[in-house]
Amino acid sequence: MDVKRIGFIGLGAMGLPMAKNLLKNGFELHIVAHRNRGPVEELKQAGATEESSAAEIVSKCEVLISILPEDREMEAVLLSEEVLQQLKPGQVLIEMTSGSPDMMKKVNAVYQEKGARVLDAPVSGGTIGAKKGTLTVMAGGDPELLEICRPVLNAMAENIYLVGAVGAGKAIKAINQMLAGIHMLASAEAIALAETLEIDKEVIKEVIGKSSGSSWMLLNKADTLSKRDYTPGFKLSLMKKDIQIAINESAENNLPLASFALNLFESAAIKDGELDFSAVGKTVLS
């Protein structure tokens with residue numbers, strides 16, 4: 001298999017820097033414009049080839065990467081008749097959307113019927129990790145397929161874990177996002193309390209960073225929370241969607257913290273859905 005020719009669908013806040021890292025690592029990249037031509041022009045200048053449609057990308061590449069907003073786009077793009085007609089036996093889809101396990105399994109079943117192989121591979125690390133190439137990949141699928149895809153994943157990620165069968169990657173990502181949303185709320189409250197008590201945020205980061213209350217969210221979001229900088233990286237509306245996935249997957253389990261967090265994210269999304277998900281902290285950071 002030629003793992004040097006890659007089709008990339010989904011050039012958003014995460015996808016664009018991930019695609020750039022593929023180019024930097026010598027991969028041949030084929031892309032398509034959606035609503036925003038900016039990322040396409042940027043990648044073309046770096047050496048990517050623009051195609052007319054997702055179906056044309058599929059027709060030209062042995063490896064396809066997709067990172068889309070949610071299930072709806074996964075179904076609309078990956079299961080469109082035009083794309084399915086172009087699928088070839090042995091072709092590989094690396095699916096990196098923060099979607100639901102059920103949708104991932106649905107895509108996998110259809111692709112298997114076409115003889116294609118699917119790696120369920122959502123990522124964590126935010127836009128900073130996407131730019132630095134230090135993402136964490138939560139891979140679900142065949143161990144042999146993961147090894148085939150590893151050179152591609154290494155161009156975008158620092159940590160790659162095989163977590164189970166197809167669908168398990170999306171499940172782990174839902175758990176991660178549930179925790180990230182809860183931790184964001186806790187971090188915003190911590191910064192608000194520190195300000196009330198006149199404690200410098202750098203002291204908070206240094207001391208709590210080495211204490212039992214430490215979290216990735218506090219250490220990486222303390223600066224922007226303190227500045228009330230909600231420039232979108234990972235959008236609040238998408239975090240709301242991800243927490244909802246976790247609650248949907250919980251079946252009969254009671255998840256009171258996640259449910260409370262979802263309520264706050266839903267309220268915040270009415271006005272601030274297009275801002276960074278840290279904007280949920282506005283309720284305590286007035």
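The figures here come from the full heavy-atom set of this structure, side chains too, leaving out hydrogens, waters and symmetry mates.
- In terms of heavy-atom proximity, L153 sits nearest to I160 at CB-CD1, 3.6 Å.
- Nearest heavy-atom pair across Y111 and V118 is CB-CG2, 3.7 Å.
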Could you walk me through whether D102 and S100 satisfy the side-chain hydrogen bond (donor to acceptor under 3.5 Å, both in side chains) test, starting with their C-alpha distance in whole Å, then the side-chain angles of each, then the deciding distance to 0.1 Å, before giving a yes or no? CA-CA 5 Å; D102 284 345; S100 70; 5.6 Å; no

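- The backbone N or O of I172 lies less than 3.5 Å from no partner atom in the side chain of N176, so there is not a single donor-acceptor pair.
- I6 and L93 end up in different hydrophobic clusters when Ile, Leu, Val, Met, Phe, Trp and Tyr side chains are linked at under 4.5 Å.
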Run the salt bridge (Lys or Arg N to Asp or Glu O under 4.0 Å) test on D71 and K241 for me, step by step, so that the C-alpha distance in whole Å, both residues' side-chain angles and the decisive distance to 0.1 Å come before the verdict. CA-CA 10 Å; D71 282 3; K241 174 264 298 181; over 6 Å; no

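- Criterion: ILVMFWY side-chain heavy atoms under 4.5 Å apart, direct or through other members. Under it, L275 and F265 are part of a common hydrophobic cluster.
- Taking each heavy atom of D142 and E144 in turn, the nearest pair found is OD1-N, 2.9 Å.
- Between S52 and V32 the shortest side-chain heavy-atom distance does not fall below 4.5 Å.
- In this structure, K4 satisfies the cation-pi test against F27, with its NZ or CZ atom closer than 6.0 Å to the six-membered ring centre and inside 45 degrees of the ring normal.
- E81 has its side chain within reach of Q85: a pair of non-hydrogen atoms, C-beta onward, lies under 4.5 Å apart.
- Inspection of the T49 and E51 side chains reveals no N or O donor paired with an N or O acceptor under 3.5 Å.
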When you look at E75 and K106, which way does the salt bridge (Lys or Arg N to Asp or Glu O under 4.0 Å) test go after all the steps? CA-CA 9 Å; E75 184 168 31; K106 180 178 180 180; 2.6 Å; yes

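- The closest side-chain heavy-atom distance from V83 to L78 is not below 4.5 Å.
- When all heavy atoms are compared, the tightest approach of P69 to L238 is O-CD2, 3.8 Å.
- When side chains are defined from C-beta on, L255 counts as touching M178, because their heavy atoms get closer than 4.5 Å.
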Begin from the C-alpha positions of V137 and N159 and carry the test side-chain contact (heavy atoms from CB on, under 4.5 Å) through to its verdict. CA-CA 6 Å; V137 174; N159 305 294; over 6 Å; no

One pair to check against side-chain contact (heavy atoms from CB on, under 4.5 Å): E95 and L119. What are the steps and the verdict? CA-CA 6 Å; E95 214 306 302; L119 189 70; over 6 Å; no

Go through C149 and V3 one step at a time and tell me if the side-chain contact (heavy atoms from CB on, under 4.5 Å) criterion holds. CA-CA 8 Å; C149 297; V3 295; over 6 Å; no

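- Proximity of a side-chain donor or acceptor of S214 to a complementary backbone N or O of S211 within less than 3.5 Å is not detected.
- Atom NZ of K282 sits in a crowded spot, with more than 12 heavy atoms from other residues, nucleotides or ligands closer than 6.0 Å.
- Under the rule for a side-chain hydrogen bond (donor to acceptor under 3.5 Å, both in side chains), E206 has no partner lying at least two apart in sequence or in another chain.
- Atoms CD1 and OG1, from I128 and T134 in turn, are 8.5 Å apart once rounded to the nearest 0.5 Å.
- Between R37 and E50 there is a salt bridge, since a side-chain N of the basic residue sits under 4.0 Å from a carboxylate O of the acidic one.
- Taking CD of E73 as the reference point, atom CE of M103 lies at 10.5 Å (rounded to 0.5 Å).
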Apply side-chain contact (heavy atoms from CB on, under 4.5 Å) to residues E195 and K201 and explain how you reach the verdict. CA-CA 8 Å; E195 291 176 352; K201 68 173 172 58; over 6 Å; no

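- Proximity of L29 to I31: side-chain heavy atoms (C-beta onward) are separated by under 4.5 Å at one or more points.
- Annotation: side chain of L22 is in contact with side chain of I65 (closest heavy-atom distance under 4.5 Å).
- Contacts of D242 classified as side chain to side chain contact (heavy atoms under 4.5 Å, CB included), with partners at least two apart in sequence or in another chain: S98, Q177, F234, I245.
- The two residues A261 and I182 come nearest to each other via the heavy atoms CB-CG1, 4.0 Å.
- Residues L179 and V123 are members of separate hydrophobic clusters, defined by side-chain heavy-atom contacts under 4.5 angstrom among Ile, Leu, Val, Met, Phe, Trp and Tyr.
- How far CD1 of I175 is from OG of S250: 11.0 Å, rounded to the nearest 0.5 Å.
- Connection of V163 to M156 is not established within any shared hydrophobic cluster, with ILVMFWY side chains joined at heavy-atom distances below 4.5 Å, either directly or through further cluster members.
- Remark: Q244 CD to E249 CD distance equals 10.5 Å, nearest 0.5 Å.
- Taken from CZ in R117 to CD1 in I94, the straight-line distance is 11.5 Å, to the nearest 0.5 Å.
- Residues M138 and D120 are not in side-chain contact: their nearest non-hydrogen atoms beyond the backbone lie 4.5 Å or more apart.
- In the model, D276 has a side-chain atom that pairs as donor or acceptor with a side-chain atom of S278 under 3.5 Å.
- Between E274 and Y230 the shortest side-chain heavy-atom distance does not fall below 4.5 Å.
- For T224 (side chain) and K221 (main-chain N/O), a donor-acceptor pair under 3.5 Å exists by modelled atom type.
- Grouping the Ile, Leu, Val, Met, Phe, Trp and Tyr side chains by contacts below 4.5 angstrom, directly or via other members, places Y161 apart from I67.
- Heavy-atom minimum distance, K88 versus S59: NZ-O, 3.5 Å.
- The structure places CZ of F8 at 5.0 Å from CE of M18, a figure rounded to the nearest 0.5 Å.
- Ion pairing between a basic and an acidic side chain is recognised when a charged N comes within 4.0 Å of a carboxylate O; E28 and R5 show such pairing.
- In this structure, the side chain of N25 engages the main chain of N21 through a donor-acceptor pair within 3.5 Å.
- Between K20 and E42 there is a salt bridge, since at least one side-chain N of the basic residue sits less than 4.0 Å from a carboxylate O of the acidic one.
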